[in-house]
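It should be emphasised that the depicted structure is a prediction, and the values quoted were computed from it without experimental measurement. Residue numbers start at 1 and run along the sequence shown.
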Amino acid sequence: PAAPPALGPDGGAILDAKQTELVGKVSTYFNELQNLKGVFVQTGADNKRMRGKFYVKRPGRFRFDYNLPSRMVILSDGQYMAIQDLDMKTDDRIELDRTPFRVLLRKDVDLMRDAQILEVQEVDDVVVLALQDRNPDNPGRIKLFLAKKSGLELKEWITTDAQGLDTRVEL
């Protein structure tokens, strides 16, 4: 296993030129991404798997429709993220700016400016980038896995909530 990255005064990793360039490429990828759709598999901290379809429209809008038997929908209108469970009849809303997705789905993505970079590495044909919001009021981390093909392509992410629980989403 690779040694943990050296940390700077802000708690983020100290990046070399190649890592800084990779972060720039990931920022560019998200800036150029207008629409994304497909299927996903989500594995929660309890190892429970759920599948469904997702749609992303930048800036800030997305929808995750979970397959039956789950009757859950997660969506964002660009301002709020809503987690709706139709079985439990719950509708939890959180400001999108208070989630780790804020830095990825904003109009002008600049991860060096808005995120604390925790890890950047290239493993075979995959770029791995872990980050958290620079704003201490926005807990949680996100770790991105992007395949290097002709360009970059988002394949999976793992979010870690304030309690340290991981949720993996594979596209």
Side-chain angles (χ1 to χ4, degrees), residues 1-8 10-13 15 19 22-23 26-27 29-30 33 36-56 60 62-76 80-85 87-88 90-106 109 111 114-148 152-171:
L7 300 180
D10 69 348
L15 305 182
Q19 290 171 313
L22 279 174
V23 173
V26 174
S27 291
Y29 168 78
F30 280 101
L33 185 72
L36 188 63
K37 64 183 180 180
V39 294
F40 70 91
V41 177
Q42 174 179 310
T43 308
D46 56 3
N47 275 328
K48 188 173 151 195
R49 290 180 153 233
M50 295 165 42
R51 298 170 189 275
K53 291 188 170 93
F54 74 93
Y55 312 87
V56 176
F62 57 83
R63 179 181 179 104
F64 286 78
D65 287 314
Y66 290 78
N67 292 350
L68 293 172
S70 173
R71 294 183 57 218
M72 199 160 84
V73 178
I74 298 178
L75 51 99
S76 168
Y80 290 91
M81 181 175 84
I83 302 171
Q84 301 172 337
D85 187 324
D87 286 329
M88 307 283 276
T90 57
D91 185 349
D92 297 319
R93 291 175 189 263
I94 183 171
E95 288 177 55
L96 187 61
D97 279 355
R98 298 197 54 119
T99 74
F101 296 104
R102 172 187 87 94
V103 297
L104 300 171
L105 295 176
R106 56 183 298 158
V109 177
L111 298 177
D114 297 324
Q116 188 175 6
I117 307 299
L118 305 172
E119 173 189 356
V120 186
Q121 57 177 324
E122 233 175 311
V123 182
D124 300 324
D125 59 348
V126 176
V127 173
V128 180
L129 174 62
L131 57 95
Q132 65 188 26
D133 201 311
R134 283 198 183 276
N135 184 339
D137 295 337
N138 299 341
R141 297 187 308 271
I142 187 164
K143 188 173 198 173
L144 305 168
F145 298 83
L146 299 103
K148 287 171 49 185
L152 290 175
E153 184 183 328
L154 184 62
K155 295 310 265 179
E156 135 181 25
W157 67 83
I158 300 172
T159 53
T160 305
D161 67 15
Q163 286 78 41
L165 298 175
D166 287 347
T167 301
R168 172 185 297 253
V169 175
E170 299 166 74
L171 307 181

With [X], which residues qualify under side chain to side chain donor-acceptor pair (under 3.5 Å), at least two apart?
X	answer
Arg93	Asp91
Asp133	Arg102, Asn138
Tyr29	none
Lys148	Glu122

- Listed by chain and number, what are the salt bridge (Lys or Arg N to Asp or Glu O under 4.0 Å) partners of Lys155, not counting sequence neighbours?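 Salt bridge (Lys or Arg N to Asp or Glu O under 4.0 Å) check on Lys155 returns Glu153.
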- Query: Under the salt bridge (Lys or Arg N to Asp or Glu O under 4.0 Å) test, which residues partner Glu95, sequence neighbours left out?
  - Reply: none
- Message: My understanding is that only residues two or more places apart in sequence, or in another chain, count here; which of them pass ring-ring contact (aromatic ring centres under 6.0 Å, His included) with Phe30?
- Response: none
- Task: Only counting residues at least two apart or in another chain, list the ones meeting ring-ring contact (aromatic ring centres under 6.0 Å, His included) with Phe145.
- Result: none
Rounded to the nearest 0.5 Å, what separates atom [atom1] in [X] from atom [atom2] in [Y]?
X	Y	atom1	atom2	result
Asp97	Arg106	CG	CZ	8.0 Å
Leu144	Leu129	CG	CG	5.5 Å
Asp125	Leu146	CG	CG	11.5 Å
Phe54	Leu75	CZ	CG	15.0 Å
Tyr80	Ile83	OH	CD1	14.5 Å
Met50	Gln42	CE	CD	5.5 Å

- Message: Give me each pair satisfying salt bridge (Lys or Arg N to Asp or Glu O under 4.0 Å) with a member in residues 36-48, each pair once, sequence neighbours excluded.
- Response: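 Applying salt bridge (Lys or Arg N to Asp or Glu O under 4.0 Å) to every pair that reaches into residues 36-48, excluding sequence neighbours, yields nothing.
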- Task: For residues 64-74, pull every pair meeting salt bridge (Lys or Arg N to Asp or Glu O under 4.0 Å), keeping only residues two or more places apart or in separate chains.
- Result: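 For residues 64-74, and leaving out neighbouring residues, the salt bridge (Lys or Arg N to Asp or Glu O under 4.0 Å) pairs sorted by first residue read Arg63-Asp65, Arg71-Asp87.
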- If you take all heavy atoms of Val120 and Gln19, which pair is closest and at what distance?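 Nearest heavy atoms, Val120 then Gln19: O-NE2, 3.0 Å.
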- Over all atoms of both residues, closest heavy-atom pair of Ser76 and Gly60: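 Of all heavy-atom pairs spanning Ser76 and Gly60, the closest is OG-O, 2.7 Å.
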- Message: The test is side-chain contact (heavy atoms from CB on, under 4.5 Å); show your working for Ile142 and Val103 and say whether it passes.
- Response: CA-CA 10 Å; Ile142 187 164; Val103 297; 5.8 Å; no
- Task: Apply side-chain contact (heavy atoms from CB on, under 4.5 Å) to Thr99 and list each qualifying residue two or more places apart in sequence or on a separate chain.
- Result: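 With sequence neighbours excluded, Thr99 shows a side-chain contact (heavy atoms from CB on, under 4.5 Å) to Met81, Ile94, Leu96, Phe101, given in chain and number order.
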- Message: Donor-acceptor check, side chain of Glu119 to backbone of Ala130, threshold 3.5 angstrom: yes or no?
- Response: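 Between the backbone of Ala130 and the side chain of Glu119 there is no qualifying donor-acceptor contact (under 3.5 Å).
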- Task: Please step through side-chain contact (heavy atoms from CB on, under 4.5 Å) for the pair Leu33 and Leu154, ending with a clear verdict.
- Result: CA-CA 10 Å; Leu33 185 72; Leu154 184 62; 5.9 Å; no
- Please collect all side chain to side chain donor-acceptor pair (under 3.5 Å) contacts where either partner lies in residues 157-171, sequence neighbours excluded, each pair once.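 Passing the test, one end in residues 157-171: Glu156-Arg168, Thr160-Asp166.
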- Message: Please determine whether side-chain contact (heavy atoms from CB on, under 4.5 Å) holds for the pair Asp114 and Arg134, giving the CA-CA distance in whole Å, both sets of side-chain angles, and the decisive distance to 0.1 Å.
- Response: CA-CA 6 Å; Asp114 297 324; Arg134 283 198 183 276; 5.8 Å; no
